[in-house]
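See structure below.
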Amino acid sequence: MSRNENFSYTIDNIDKKTGARAGTLHTPHGDIKTPIFMPVGTNSTVKLVTNQHLYETGAQIILANSYHLYLRAGTKRIRNFGGIHGWMNWNKPVLTDSGGFQVFSLSHMRKITEEGVEFRDIKDGKKHFISPEISMEIQQDIGADIIMAFDECCPYPCDYETAKKSMERTHRWLERCIKAKTNPMQALFPICQGAFFDDLRKESAEYVSNIDAVGYAIGGVSVGEPPEMKNHLVEYTAPLLPHNKPRYLMGVGTPEDLLDGILRGVDMFDCVLPTRNARHGSFFTYKGKCQIKNAQYQDDPSPLDENCNCYTCKNHTKAYLRHLYKCEEGTGQALMSIHNIQFLIDFSQKAREAILNNEFEEFYNRMYPCFK
RNA sequence: GCGCUAGUCGUCAAGCGGUUAAGACCUCGGAUUGUGGUUCCGAUAUGCAUGGGUUCGAAUCCCAUCUAGCGCC
């Protein structure tokens with residue numbers, strides 16, 4: 001892969017005590033201040049949240065999902081509407097998942113071969129096939145700023161031989177992705193795999209590091225492993241990736257995951273949790289995670305979090321939000337999605353401020369107990 | 001006033017002599033990690049209108065009382 005002039009990453013500071021990183025990733029649709037939490041908008045919308053509200057949360061980049069958009073909107077259609085930015089009228093950076101994760105998460109209806117993956121549509125049962133080349137075509141039609149390599153994600157637990165074979169195939173698929181990718185306005189992030197085996201992770205990290213990419217991802221986490229394993233894996237793997245490039249820990253996470261990841265040198269995170277949790281009634285605060293449906297909130301005149309200045313917290317009380325949930329009014333879910341998204345983005349940006357001031361250790365120690 | 005019918009969790013109910021008194025909703029908790037999720041999991045009746053009786057055994061049968069609905073004077 002030749003050097004991509006449309007993207008660059010600047011390290012703004014490295015926390016003196018912890019080594020946590022603050023940086024700026026320049027993309028064709030604007031800058032991303034890291035560490036950053038990226039909200040997930042699988043079907044080219046962050047569920048229940050309008051673009052206007054999303055801009056207000058401070059979202060700097062959102063995700064969309066190749067697998068879902070390929071099946072539903074049709075990626076040629078999206079291309080004809082000016083790509084994802086025109087299609088959903090979103091003017092900031094976008095990242096697309098390759099569909100690789102669905103190979104894992106929808107595993108009971110797929111067949112993996114060296115060529116690619118055959119699977120059935122969740123909804124209509126129709127057969128489809130995605131290969132690294134097809135994934136690149138899909139992602140180039142969608143036109144996100146950052147696109148992901150088509151990888152294979154191992155389940156947890158997973159035996160060594162399976163993990164090794166899977167990792168090697170992911171590497172071969174990566175080479176095919178690189179060959180198939182042509183649009184210089186997009187950055188392809190390779191993904192480090194290797195399950196929970198140090199030597200495989202080392203091999204994979206070294207393999208992907210040999211490719212001159214704009215950024216690198218750590219995949220295969222948040223698949224049901226204990227938190228200590230994830231922390232060990234990240235602590236072991238992140239330093240093996242290029243120091244001067246952003247590192248993206250895929251599918252993570254909770255506020256404590258963000259703290260743990262940032263501490264170990266991760267710059268980018270994404271997770272469905274804030275929006276899914278919001279839909280199911282739980283919300284993040286600087287005092288921990290809470291459930292809006294709890295009876296204790298029925299007369300509570302305070303916002304979800306006293307220190308949050310999201311749209312929801314500026315305008316509504318817990319009592320009102322609880323009422324909306326009790327009545328199954330979707331507005332409640334929408335309002336709380338806004339809050340949870342802004343919470344994690346604010347949280348990542350507070351971490352950034354702390355890093356810029358070389359105070360990340362204090363920030364970590366202050367925040368961590370809140371989420372345990 | 002008389003007759004008939006019925007009373008089981010906050011609600012709707014199953015049960016019709018031997019059950020640990022189903023289930024649903026509500027209520028109360030909890031889960032959720034590159035989104036098959038308005039989803040999933042758990043908790044909640046020592047008690048069947050009340051009081052007697054029959055029986056080895058009663059929410060289930062009998063009697064009385066109360067309450068409700070319907071009908072008739």
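Only this structure's heavy atoms are used, side chains among them; waters, hydrogens and symmetry mates stay out. Every chain is numbered from 1 and lettered A, B, ... according to where its sequence line falls, protein lines coming before strand lines.
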- Query: Heavy atoms under 4.0 Å, any strand shown: does A/Arg72 hit a base, just sugar-phosphate, or nothing?
  - Reply: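 Nothing, no heavy atom under 4.0 Å.
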- Query: So what does A/Leu95 touch, heavy atoms closer than 4.0 Å: a base, only the sugar-phosphate, or nothing?
  - Reply: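 Nothing, no nucleic acid heavy atom in range.
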Which nucleotide sits closest to the side chain of [X]: [options]?
{"X": "A/Ser222", "options": "B/G34, B/C28, B/U33", "value": "B/U33"}
{"X": "A/Ser98", "options": "B/U32, B/C28, B/G34", "value": "B/G34"}
{"X": "A/Gln193", "options": "B/G34, B/G30, B/U27", "value": "B/G34"}

- Working to the nearest 0.5 Å, report the span between CD1 of A/Ile147 and CG of A/Leu95.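 Taking CD1 in A/Ile147 and CG in A/Leu95, the distance rounds to 9.5 Å.
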Spacing of the [atom1] atoms in [M] and [N] (rounded, Å):
{"N": "B/G15", "M": "B/G29", "atom1": "C1'", "answer": "30 Å"}
{"N": "B/U44", "M": "B/A24", "atom1": "C1'", "answer": "15 Å"}
{"N": "B/G30", "M": "B/C12", "atom1": "P", "answer": "29 Å"}
{"N": "B/A59", "M": "B/G17", "atom1": "C1'", "answer": "11 Å"}
{"N": "B/G3", "M": "B/A64", "atom1": "P", "answer": "10 Å"}
{"N": "B/U11", "M": "B/C26", "atom1": "C1'", "answer": "7 Å"}
{"N": "B/A21", "M": "B/C16", "atom1": "P", "answer": "14 Å"}
{"N": "B/A14", "M": "B/C9", "atom1": "P", "answer": "12 Å"}

Can you measure [X] atom [atom1] to [N] atom [atom2] for me and round it to whole angstrom units?
{"X": "A/Arg322", "N": "B/C26", "atom1": "CZ", "atom2": "P", "result": "13 Å"}
{"X": "A/Asn231", "N": "B/U33", "atom1": "CG", "atom2": "P", "result": "17 Å"}
{"X": "A/Leu344", "N": "B/U32", "atom1": "CG", "atom2": "C1'", "result": "14 Å"}
{"X": "A/Met38", "N": "B/G34", "atom1": "CE", "atom2": "C1'", "result": "9 Å"}
{"X": "A/Phe150", "N": "B/G34", "atom1": "CZ", "atom2": "P", "result": "17 Å"}
{"X": "A/Phe284", "N": "B/U32", "atom1": "CZ", "atom2": "P", "result": "10 Å"}
{"X": "A/Gln291", "N": "B/U32", "atom1": "CD", "atom2": "C1'", "result": "10 Å"}
{"X": "A/Tyr297", "N": "B/U27", "atom1": "OH", "atom2": "C1'", "result": "17 Å"}

- Query: Could you run down nucleotides 35-45 of chain B 5' to 3' and tag each one B, S or - for protein heavy-atom contact under 4.0 Å?
  - Reply: BBBBB------
- Item | For A/Phe196, the option from A/Tyr156, A/Tyr236, A/Tyr160 that meets ring-ring contact (aromatic ring centres under 6.0 Å, His included) |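 Output: one option passes, namely A/Tyr156.
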Contact under 4.0 Å: [X] side-chain N or O vs [N] OP1/OP2:
{"X": "A/Gln296", "N": "B/C28", "value": "no"}
{"X": "A/Lys289", "N": "B/A31", "value": "yes"}
{"X": "A/Asn294", "N": "B/G30", "value": "yes"}

- Message: Tell me which nucleotide, if any, is Watson-Crick or G-U wobble paired with B/A6 when both distances must be under 3.5 Å.
- Response: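 Check on B/A6: paired to B/U67, both distances under 3.5 Å.
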- Query: For B/A59, which nucleotide in any strand shown is its Watson-Crick or wobble partner with both distances under 3.5 Å?
  - Reply: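 For B/A59, the partner nucleotide comes out as none, under the 3.5 Å rule.
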- Task: Just do the side chain to side chain contact (heavy atoms under 4.5 Å, CB included) check on A/Gln342 and A/Asn309 with the steps written out, would you?
- Result: CA-CA 9 Å; A/Gln342 179 153 347; A/Asn309 62 356; 3.2 Å; yes
Can you tell me if [X] and [Y] form a side-chain donor-acceptor pair at under 3.5 Å?
{"X": "A/Asn43", "Y": "A/Asn65", "answer": "no"}
{"X": "A/His339", "Y": "A/Asp305", "answer": "no"}
{"X": "A/Lys47", "Y": "A/Thr275", "answer": "no"}

- Message: Between A/Glu114 and A/Arg172 (salt bridge meaning N to carboxylate O under 4.0 Å), is one present in this structure?
- Response: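 The answer is yes: the pair qualifies as a salt bridge.
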- Query: Aromatic ring centroids of A/His53 and A/Tyr311 under 6.0 Å?
  - Reply: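 Aromatic pair counts; centres sit under 6.0 Å.
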- Message: Main chain of A/Pro184, side chain of A/Asn4: is a donor-acceptor contact present, judged purely on distance under 3.5 Å?
- Response: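 Yes.
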